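So the structure is just underneath, and the comments pick up after that.
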Amino acid sequence: MSKSLAILLAVLVVLFGIYYLVHQSEQSDIQFKLVDNLVGLDSSAVNEMTISAGDSTVTFKRQGNDWMVEQYGTLHRAEPGVVAQIARLAYDLTVEEVVSSNPDNQGLYEVGSDQGRLIKFLRDGNEIGALIVGKTGADFQSCYVRLPDSEDVYRAPNNITRLVQRPVDQYRDKAIFKLDPTRITEIKVNSPEYSYTAASADSLWTLIDDSGTSSPIGPQQMQGWLSQVAALRVNNFISPDSAAVVDMSNPTAEISIDMDNDAPLTIQLLKTGAEASDYLVKTSRSDELYSVRDWVYNNLVKDPETLKMKAAS
């Protein structure tokens with residue numbers, strides 16, 4: 001056996017030993033104690049939440065049926081499914097076992113008062129419940145949780161840790177606006193590559209180029225484009241300080257959208273650099289700046305040849 005292979009096998013044995021010892025220590029104190037609603041709140045009680053870790057806190061507030069998340073001092077629409085899952089922990093968290101009741105072991109599960117993620121559930125600014133979410137279990141499908149006023153550490157059968165350790169950007173709804181595609185009547189595109197208008201008349205779409213030449217647009221091609229335009233999803237949110245130094249007066253491309261019974265919408269896209277794949281995005285509905293990948297740009301600034309109805313063979 002070669003020396004390098006022997007070293008590799010020794011490293012693998014050591015790693016397996018560490019995993020085994022950690023797994024055994026996690027399991028050694030287990031007591032079966034099924035709890036259906038650990039936090040114990042009513043489903044309608046919570047209208048605010050915070051998630052804190054160290055000096056970082058993410059704040060959520062419910063407005064009507066929608067959850068909002070605070071970033072840069074402003075409330076923004078939150079990703080619906082993600083935040084709803086966090087809110088459900090207040091009234092629908094089932095835990096299966098007490099893995100430890102010894103406060104000295106809280107560090108092992110990362111549920112000490114200065115560890116993990118502390119979720120506070122609030123009603124009109126008043127705390128009505130809380131939960132500490134610790135590390136992921138050895139099976140990567142579970143995690144450890146504790147109520148702040150209890151020494152019992154439970155194993156939760158779902159990996160909540162992954163849900164609550166996101167940066168604030170990843171809690172925001174990345175669809176920056178949501179239009180009704182059936183109300184869009186005209187789309188104008190102006191870019192270095194293309195300049196054309198797509199216009200609707202009696203549900204039929206026509207492509208008109210700069211010379212005034214018109215061509216019918218295929219229904220499937222138009223439907224796909226409308227879906228992309230109506231719910232533009234961005235990659236990142238640009239901080240106000242970074243956005244303040246960006247000049248969007250001469251964008252790389254501009255898309256103008258007309259709609260029935262609604263104000264027109266303009267989307268500006270600016271290439272960030274000759275070698276960069278990102279584009280900065282600004283809309284007429286917000287002062288905020290976003291970024292998208294080049295493939296999103298290509299889906300918005302369509303090659304007109306891909307939109308034209310194909311001749312029957």
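On a predicted model such as this, the values are computed, not experimentally measured, just so you know.
- In this structure, Ile217 CD1 and Thr206 OG1 are separated by 6.5 Å, a value rounded to the nearest 0.5 Å.
- A donor-acceptor pair shorter than 3.5 Å can be found between the side chains of Ser239 and Ser242.
- No side-chain heavy atom of Val296 sits under 4.5 Å from any side-chain heavy atom of Leu269.
- Identified under the side chain to side chain donor-acceptor pair (under 3.5 Å) test for residues 59-68, with sequence neighbours left out: none.
- At a threshold of 4.5 Å between non-hydrogen side-chain atoms, the residues Val292 and Leu300 do not count as touching.
- Residue pairs that meet the salt bridge (Lys or Arg N to Asp or Glu O under 4.0 Å) test with at least one member in residues 156-169, sequence neighbours left out, do not exist here.
- In this view, Tyr297 and Tyr279 satisfy the ring pair (Phe, Tyr, Trp, His ring centres under 6.0 Å) rule, not counting sequence neighbours.
- Using a 4.5 Å cut-off on side-chain heavy atoms (C-beta onward), Thr50 and Ile119 make no contact.
- Heavy-atom neighbours of Asn250 CG from other residues, nucleotides or ligands within 6.0 Å: at or below the threshold of 12.
- Within the 4.5 Å cutoff, the side chain of Tyr144 has heavy atoms near those of the Arg155 side chain.
- Few gaps surround NZ on Lys174; more than 12 heavy atoms of other groups in view lie less than 6.0 Å from it.
- In this structure, CG on Leu204 lies 11.5 Å from CE on Met222, to the nearest 0.5 angstrom.
- Remark: the Ser100 side chain and the Asn102 side chain contain no N/O donor-acceptor pair separated by less than 3.5 Å.
- Residue pairs satisfying the side chain to side chain donor-acceptor pair (under 3.5 Å) criterion with at least one member in residues 215-230, sequence neighbours excluded, are absent.
- Cation-pi geometry between Arg172 and Phe237 is met: the NZ or CZ atom falls under 6.0 Å from the ring centre, inside 45° of the normal.
- A donor-acceptor contact shorter than 3.5 Å links the side chain of Thr185 to the backbone of Asp258.
- Looking only at distances, no side-chain donor or acceptor of Asn190 sits under 3.5 Å from a matching main-chain atom of Glu254.
- Rounding to the nearest 0.5 Å places CD of Gln71 at 5.5 Å from NE2 of His76.
- Within a 6.0 Å radius of CG in Asp287, other residues, nucleotides and ligands contribute 12 heavy atoms or fewer.
- The salt bridge (Lys or Arg N to Asp or Glu O under 4.0 Å) analysis of residues 276-286, with sequence neighbours excluded, yields the pairs Asp262-Arg285, Asp278-Arg293.
- Aromatic ring centres of Tyr171 and Phe60: separated by under 6.0 Å.
- Put simply, the side chain of Ile132 reaches to within 4.5 Å of the side chain of Pro148, judged on heavy atoms.
- Annotation: salt bridge (Lys or Arg N to Asp or Glu O under 4.0 Å) contacts involving residues 232-241, sequence neighbours excluded, comprise Glu79-Arg233, Asp173-Arg233.
- The OG atom of Ser101 sits 3.5 Å away from the CG atom of Asp152 when rounded to the nearest 0.5 Å.
- Using a 4.5 Å cut-off on side-chain heavy atoms (C-beta onward), Met49 and Val83 make contact.
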